[in-house]
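Computed from a prediction, not measured in an experiment: that's the story for all the values here. One-based numbering, in listed order, for ligands and for the atoms of each.
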Amino acid sequence: MNILEILKSKEFVSGNTIGRFLGISRAAAHKQINFLRQIGYTINSSPKGYALINDKVLFNEYEIECNLKRNLKVCKILKYYKELASTQISVKNLAEKNFDEGIIIIAEKQTNAYGRIKRKWNSNEGGLWFSILLKPLIRPEESSKVALILSIALNRTLKEYKVDSEIKWSNDVLVNDKKIAGILVEMSAGQDRIDWLVIGIGININNNTLPKELKNTSISLKEILGKEIDRAAFLASFLISFENIYDDFQNKGFSFFSDEYNDKLAYKNKSITIDDGYNIISGINLGIDKDGKFIVKTTNGLEKIISGTLRLNQ
Ligand code: BTN
């Protein structure tokens, strides 16, 4: 339990009670109360004790823990920062220092964020920008499957908000044909074993200040639902969904998800072009096979592709 959970559980809580729950002194409890005040909470104090005034929705690691309500198996350490160059760079640094799987770094704002093929990623306040360190026991060529299951996790989370989304292969999540989220997978691997994967996820939640040039191609959850979204609750739902999926992926394999992925696939049976970094492949989008490979029907037959950037042909 963290101090915020204690304050949220009762109308009034004394310094002694907080101290007992957290195993700290009354003075230390008072210090923590002052810290919460500094990060934006309104907490009244009276002879009856401290009272949290629930007048705003804040986003920080305490709120995420309050929403999780249970311990996660994989994502055990969550760190929230007001500003970072890129959560991806921060987690890659930890991966290089041999940190365990499951660390998540979240930033309110990133000043040097990037997406696939090192494209600049706009990440102002209000969005959900985070990176996760994973160490799945899979072969390096299977890493793209992790990105595929992550898009399913996002898809399921959006469904909890009654929002239907599609997946643009390989791992862009679209709503009304506009991008709401993108996933980036970076890896360090030996010949037949992954050392680490760092997964970067960017979700447009309340960041309605999208630059003009992205207005036609991007959308935020706030725009879709017409109201401000509690990001801590959204992230907690996503992490719970992701952990279930990651568990099934490791125990049952990717084939368990291929139908669900294809059900959500955007531009199915449409004419598309893929740039895989080496070749440009045009043909009909047939979706993924049981092994997570993307199948394109070209004039020369079926092509199986592991990763690339897809464009819909007009
Ligand atoms: C893409 O669609 O190209 C993937 C975008 C990934 C963006 C996220 S935001 C959190 C993390 N930090 C980064 O610098 N990038 C990823």
- Check: Asn124 main-chain N/O paired with Trp129 side-chain donor or acceptor under 3.5 Å: yes

- Query: Within 45° of the axis and under 6.0 Å from the centre of the six-membered ring of Tyr114, does NZ or CZ of Lys118 qualify?
  - Reply: yes

Are any protein N/O atoms closer than 3.5 Å to the N/O atoms of ligand 1? If there are, list each pair with names and the distance to one decimal place.
from, atom 1, to, atom 2, distance (Å)
ligand 1, 2 (O), Lys179, NZ, 2.6
ligand 1, 3 (O), Arg116, N, 2.7
ligand 1, 12 (N), Thr87, OG1, 3.1
ligand 1, 12 (N), Gln110, OE1, 2.9
ligand 1, 14 (O), Ser86, OG, 2.8
ligand 1, 14 (O), Tyr114, N, 3.0
ligand 1, 15 (N), Tyr114, O, 2.7

Lys/Arg N to Asp/Glu carboxylate O, [X] vs [Y], below 4.0 Å:
| X | Y | result |
| --- | --- | --- |
| Glu228 | Lys56 | no |
| Lys8 | Glu63 | yes |
| Lys145 | Glu142 | yes |

- Message: Is it the case that the ring center of Phe130 lies less than 6.0 angstrom away from the ring center of Phe238?
- Response: yes

